[in-house]
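A short worksheet on the structure shown next.
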Amino acid sequence: QGVVSTGVGAVQLTGQFGYTIDRFGGDGPNLAAGVSAPIGDGWRVDGGAGYTSVSRPGFDGSQLFGRAQITRGLGRVR
C-alpha cells in the first residue's frame, strides 16, 4: 500500500494505491483519489473516488466507488 498527499494552496489532494492479497485466495489492485477544499466561512467540500478488485475463482470482485460531502467546522474561523 502507498499514499501520496500534497497541498495546493488551501486544497488538499490525496492518492492511495496498493495490491491486496486476500486470505481466501483472492487478490487484486486498489486505488483511490481524494480532494478537500474550503468553499466558504468554515465550510469544506470533500470528495473521492476509486477502484478496488479482489477476485476469486468464479467471483469478479471489482467495484468503483465515490463519495462527496460538505462539512462545516464548529467554533471560530481564524
Side-chain angles (χ1 to χ4, degrees):
Q1 303 291 336
V3 176
V4 293
S5 183
T6 189
V8 179
V11 176
Q12 184 70 34
L13 304 170
T14 305
Q16 175 271 328
F17 56 92
Y19 195 84
T20 300
I21 298 174
D22 184 68
R23 65 182 176 176
F24 299 112
D27 57 2
N30 55 74
L31 59 97
V35 63
S36 179
I39 56 172
D41 191 21
W43 292 90
R44 294 190 71 79
V45 63
D46 300 300
Y51 170 80
T52 185
S53 175
V54 177
S55 297
R56 298 182 186 138
F59 175 74
D60 181 20
S62 300
Q63 77 178 33
L64 293 172
F65 61 89
R67 68 170 182 80
Q69 67 183 17
I70 296 175
T71 58
R72 185 171 192 298
L74 300 176
R76 270 192 166 151
V77 177
R78 295 180 186 176

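All heavy atoms count here, side chains included; hydrogens, waters and symmetry mates do not.
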What are the two closest heavy atoms between A10 and R44, and how far apart are they? O-NH2, 3.9 Å
Got Y51 and P29 here, is their nearest side-chain heavy-atom distance under 4.5 Å? yes
Derivation of the side chain to side chain contact (heavy atoms under 4.5 Å, CB included) call for N30 and Q1: CA-CA 9 Å; N30 55 74; Q1 303 291 336; 3.4 Å; yes
Transitive ILVMFWY side-chain link V35 to V8, under 4.5 Å: yes
For D27 versus I21, what's the shortest heavy-atom pair and its separation? CB-CA, 4.0 Å
List the atom of S53, the atom of S62, and the distance in Å for their closest heavy-atom pair. OG-OG, 3.4 Å
Using only atom types and a distance under 3.5 Å, with no angle test, would you say the side chain of T52 pairs donor to acceptor with the backbone of L31? no
Side-chain contact, heavy-atom cut-off 4.5 Å: Q12 with D46? no
Residues I70 and W43: closest non-hydrogen pair is CG2-CE3, 3.6 Å
